[in-house]
Peer 1: 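One structure, as structure tokens, below. Some questions next.
Just follow the structure's listing: the first ligand is 1, and inside any ligand the first atom is 1.
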Amino acid sequence: MPTLGIIGSGNIGSAVARLAVAADMFVVIANSRGPETLQDLVAELGPLAQAGTVQEAAERGDAVVLSIPLKAVPDLPEGLLADKLVLDTSNYYPFRDGRIEELVDNTVTSSELVQRRLDTPRYVKAFNNIMAAHIPALARPAGAADRTALPIAGDDAQAKAEAAEIIGRLGFDTVDAGPLAESWRFEPETPVYGRIYFEDPNVPDELLAESDPGPTPAVDIKAALDAATRVNVAERRF
Ligand SMILES: NC(=O)c1ccc[n+]([C@@H]2O[C@H](COP(=O)([O-])OP(=O)(O)OC[C@H]3O[C@@H](n4cnc5c(N)ncnc54)[C@H](OP(=O)(O)O)[C@@H]3O)[C@@H](O)[C@H]2O)c1
């Protein structure tokens, strides 16, 4: 049985952990404060899950989901994930992560920046375009007629194929959005981000909180990726 290391136990990390144990995967999950602060979460996740240090989650995972704020990536130990298949959920928000020139002027994508910092070739951007609450709501077993798709991007074809297999096991189809340089296509404010997973993607902002998610097939994700235009990251507010 494969083990998924998960670094970051917040909204997205814990949602992915729930899918992983439901898919009979071992989980080693870590946060910044240490395993002792994760006892309630691992009790809820059950016997397949353990809390660990960041180092343990990295070492014991056959693949590692990295789900921490972008600004925290430089705090990770040098070389931590160099040999790992990494699925990174991060997005860049200048108000949270600080002004990073290469990102605000669109010289590189946030995933290119993280990949460079981690110095790992086996890096895939995934789970960054869906709201945390929609992850358990839309996950379906393989073969279900109402499977939802997630876009993924990466520069290593084999790593992308392995990531797609893991995401498939977790409950989603995948759409290859191309290399990391194209990953802006499914970042915030694009048509592939967030709203696409609502039953009515055009629901007014004030009704979003009470609106239902709706299954979103690969064909819809592909069309939205094609329609995406690059946004001005410097103006990103939420
Ligand atoms: N929330 C969403 O719906 C959503 C959707 C798509 C993408 N994203 C992106 O996914 C990433 C995670 O989002 P989130 O909402 O899950 O964040 P979150 O709820 O704020 O959780 C962040 C997690 O990262 C951990 N962390 C922070 N610095 C760390 C470090 N140096 N080492 C280890 N762990 C560290 C935190 O640990 P402590 O709690 O111990 O500090 C916490 O468990 C972000 O980049 C976000 O923009 C979020």
Peer 1: Would R96 count as a polar contact of ligand 1, with the cut-off being nitrogen or oxygen pairs under 3.5 Å?
Peer 2: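 For ligand 1, there is an N or O atom that lies under 3.5 Å from one belonging to R96.
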Peer 1: When you look at R236 and E187, which way does the side chain to side chain contact (heavy atoms under 4.5 Å, CB included) test go after all the steps?
Peer 2: CA-CA 11 Å; R236 184 168 290 159; E187 289 205 334; 4.1 Å; yes
Peer 1: Check this for me, if you would: do D205 and R195 make a salt bridge, where the nitrogen-to-carboxylate-oxygen distance has to be below 4.0 angstrom?
Peer 2: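 Salt bridge present between D205 and R195.
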Peer 1: Charged N to carboxylate O below 4.0 Å: is that the case for E101 and R99?
Peer 2: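 A salt bridge is present here (some side-chain N lies under 4.0 Å from a carboxylate O).
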Peer 1: Please list, in number order, the atoms of ligand 1 under 4.0 Å from a heavy atom of V54.
Peer 2: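 Those atoms are 32 (N), 33 (C).
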Peer 1: Determine whether any heavy atom of Y93 lies closer than 4.0 Å to an atom of ligand 1.
Peer 2: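 True for this residue.
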Peer 1: Does any donor atom in the side chain of N128 or Y193 lie under 3.5 Å from an acceptor atom in the other side chain?
Peer 2: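 Short answer, no.
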Peer 1: In ligand 1, which numbered atoms sit nearer than 4.0 Å to a non-hydrogen atom of M131?
Peer 2: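 So the answer, numbered in order with elements, is 3 (O).
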Peer 1: Please determine, by modelled atom types, if T120 and Q115 share a side-chain donor-acceptor pair under 3.5 angstrom.
Peer 2: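 On atom types as modelled, these side chains do not qualify, holding no pair under 3.5 Å.
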Peer 1: Taking atom types as modelled, is there a side-chain donor on Q158 or R122 under 3.5 Å from an acceptor on the other?
Peer 2: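 Looking only at side-chain atoms, R122 and Q158 do not form any donor-acceptor pair under 3.5 Å.
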Peer 1: Any nitrogen or oxygen of I7 lying under 3.5 Å from a nitrogen or oxygen in ligand 1? Just yes or no.
Peer 2: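 By distance alone, the answer is no.
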Peer 1: Starting from atom 27 (C) of ligand 1, which protein heavy atom do you reach first, and at what distance in Å?
Peer 2: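 Nearest neighbour among protein heavy atoms for atom 27 (C) of ligand 1, to 0.1 Å: P69 CD, 3.8 Å.
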Peer 1: Heavy atoms of the protein only: does one fall short of 4.0 Å from atom 40 (O) of ligand 1?
Peer 2: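 Protein heavy atoms within 4.0 Å of atom 40 (O) of ligand 1 - there is at least one.
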Peer 1: Pick, from N11, I6, T89, the option with the minimum heavy-atom distance to atom 1 (N) of ligand 1.
Peer 2: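 Of the listed residues, N11 has the closest heavy atom.
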Peer 1: Does S90, backbone or side chain, put an N or O under 3.5 Å from an N or O of ligand 1?
Peer 2: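 Between S90 and ligand 1, no N or O pair is found under 3.5 Å apart.
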Peer 1: How close do V54 and N31 get, heavy atom to heavy atom, and via which atoms?
Peer 2: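 Shortest heavy-atom separation between V54 and N31 comes out as CG2-O, 3.6 Å.
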Peer 1: Indicate yes or no: does D173 engage R147 in a salt bridge with an N to O separation below 4.0 Å.
Peer 2: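 Looking at D173 and R147, the cut-off is met.
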Peer 1: Classify the contact between K71 and ligand 1 as side chain, backbone, both or neither, using a heavy-atom distance cut-off of under 4.0 Å.
Peer 2: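 Looking at K71 and ligand 1, no heavy atom falls under 4.0 Å.
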Peer 1: Return the residue, atom name and 0.1 Å-rounded distance of the protein heavy atom closest to atom 38 (P) of ligand 1.
Peer 2: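 Minimum-distance protein heavy atom for atom 38 (P) of ligand 1 reads S32 OG, 3.2 Å.
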Peer 1: Under 3.5 Å, is there a donor-acceptor pair between the K125 and S110 side chains?
Peer 2: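 Their side chains do contain a donor-acceptor pair, which is all the 3.5 Å distance test asks for.
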Peer 1: Among all protein non-hydrogen atoms, which one is nearest to atom 21 (O) of ligand 1, and what is the separation to 0.1 Å?
Peer 2: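 Going by distance alone, atom 21 (O) of ligand 1 is nearest to G10 CA, 3.3 Å.
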Peer 1: If you measure from each non-hydrogen atom of I130 to ligand 1, which part falls under 4.0 Å: side chain, backbone, both or neither?
Peer 2: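 Looking at I130 and ligand 1, just backbone atoms fall under 4.0 Å.
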Peer 1: Which protein heavy atom lies closest to atom 28 (N) of ligand 1, and at what distance to 0.1 Å?
Peer 2: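 The protein heavy atom lying closest is A72 CB, 3.4 Å.
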Peer 1: Looking only at non-hydrogen atoms, find the nearest pair between P215 and L138 and report the distance.
Peer 2: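 Minimum heavy-atom separation between P215 and L138: N-CD2, 3.8 Å.
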Peer 1: At what distance is the nearest protein heavy atom to atom 6 (C) of ligand 1, and which residue and atom is it?
Peer 2: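 Residue, atom and distance for the closest contact: N128 O, 3.2 Å.
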Peer 1: Going by the closest heavy atom to atom 23 (C) of ligand 1, which one wins out of A30, S67, G13, A133?
Peer 2: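 Considering heavy atoms of A30, S67, G13, A133, the nearest to atom 23 (C) of ligand 1 sits in S67.
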Peer 1: Examine the side chains of Y123 and D155 and answer whether a donor and an acceptor come within less than 3.5 Å of each other.
Peer 2: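 No, because no side-chain N or O of Y123 sits under 3.5 Å from a partner of the opposite role on D155.
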Peer 1: To the nearest 0.5 Å, how far apart are CG in N129 and CZ in R185?
Peer 2: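 Rounded to the nearest 0.5 Å, the CG-CZ separation comes to 14.0 Å.
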Peer 1: What's the shortest distance from atom 3 (O) of ligand 1 to any protein heavy atom, and which residue and atom give it?
Peer 2: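 Ranked first by proximity to atom 3 (O) of ligand 1 is A132 N, 3.0 Å.
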Peer 1: Nearest heavy atom to atom 42 (C) of ligand 1 wins, so pick from A57, P188, S9.
Peer 2: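 The option holding the nearest heavy atom is S9.
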Peer 1: Could you work out, for atom 26 (N) of ligand 1, the closest of L70, N129, I68, I12 by heavy-atom distance?
Peer 2: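 Minimum heavy-atom distance to atom 26 (N) of ligand 1 goes to I68.
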Peer 1: For G8, take its heavy atoms, then give the atoms of ligand 1 lying under 4.0 Å from any of them.
Peer 2: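 Counting from 1, the qualifying ligand atoms are 23 (C), 24 (O), 25 (C), 43 (O).
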